[in-house]
Amino acid sequence: RIGLVNKVVPIDQLMSEAKKIAEAICQAGPLAVRAAKECMMRGLDMGLEDGLRFEDDFTTYIMSTQDFKEGITAFREKRKPKFKGK
């Protein structure tokens with residue numbers, strides 16, 4: 001309906017592909033995942049300008065967290081991040 005298709009697979013592969021995507025999401029920082037979900041859900045009822053402002057507010061918040069700093073550090077050190085939800 002709104003153009004969000006990640007991948008099309010045969011029905012017998014649907015659950016295994018969905019689990020792969022879910023696992024990838026679970027590896028991401030929990031605060032960033034929560035913020036992305038919040039932006040998507042609340043943004044549906046906003047105009048473009050308000051939605052972009054809302055997203056910018058969340059981005060500013062996420063960039064101030066310990067998890068963001070850990071993600072950057074882990075990337076630089078070529079290791080998996082250890083997110084704490086803070």
Side-chain angles (χ1 to χ4, degrees):
R1 181 176 69 87
I2 60 175
L4 294 175
V5 175
N6 195 358
K7 189 174 187 179
V8 177
V9 298
I11 192 74
D12 62 324
Q13 296 174 22
L14 180 61
M15 286 309 294
S16 65
E17 288 297 322
K19 287 178 182 179
K20 285 179 191 175
I21 293 169
E23 182 61 34
I25 292 169
C26 288
Q27 297 301 313
L31 296 177
V33 172
R34 192 174 305 132
K37 288 170 59 177
E38 184 76 16
C39 286
M40 285 185 281
M41 296 304 296
R42 291 183 59 186
L44 289 173
D45 297 326
M46 293 182 187
L48 180 60
E49 187 175 317
D50 289 336
L52 291 173
R53 191 175 313 111
F54 187 69
E55 180 184 13
D56 186 56
D57 290 344
F58 265 104
T59 300
T60 300
Y61 162 70
I62 292 300
M63 291 177 72
S64 72
T65 65
Q66 292 176 20
D67 277 2
F68 180 80
K69 292 176 185 96
E70 167 61 13
I72 297 294
T73 301
F75 178 79
R76 286 183 183 147
E77 295 174 357
K78 298 181 185 250
R79 63 173 174 82
K80 286 184 98 174
K82 297 177 184 105
F83 297 119
K84 297 180 180 169
K86 297 179 180 182

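Scanning for side-chain contact (heavy atoms from CB on, under 4.5 Å) contacts around D50 gives M46, R53, with sequence neighbours left out. Partners of A74 under the side-chain contact (heavy atoms from CB on, under 4.5 Å) rule, at least two apart in sequence or in another chain, are E70, R79, P81. A search for side-chain contact (heavy atoms from CB on, under 4.5 Å) contacts involving K19 returns M15, not counting sequence neighbours. Annotation: ring pair (Phe, Tyr, Trp, His ring centres under 6.0 Å) contacts of F68 (sequence neighbours excluded): none.
How far OG1 of T73 is from NZ of K82: 11.0 Å, rounded to the nearest 0.5 Å. Annotation: the span from K86 atom NZ to D67 atom CG amounts to 9.5 Å, rounded to 0.5 Å. With rounding to the nearest 0.5 Å, the separation of CE in M40 from CG in L44 is 9.0 Å.
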Contacts table for residues 21-37: side-chain donor-acceptor under 3.5 angstrom, sequence neighbours left out:
unit_1	atom_1	unit_2	atom_2	d
E23	OE2	Q27	NE2	2.5
Q27	OE1	K80	NZ	3.3

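The number of heavy-atom neighbours closer than 6.0 Å to CD of Q66, taken from other residues, nucleotides and ligands shown, is 12 or below. Surrounding CD of E77 are more than 12 heavy atoms belonging to other residues, nucleotides or ligands, all under 6.0 Å away.
Contact record, E17 with V9: CG-CG1, 3.6 Å, taken as the closest heavy-atom pair. Across all non-hydrogen atoms, the minimal contact from E38 to F54 is O-CE2, 4.0 Å.
Through side-chain heavy atoms spaced under 4.5 Å, either directly or across other Ile, Leu, Val, Met, Phe, Trp or Tyr residues, M41 is tied to no other residue.
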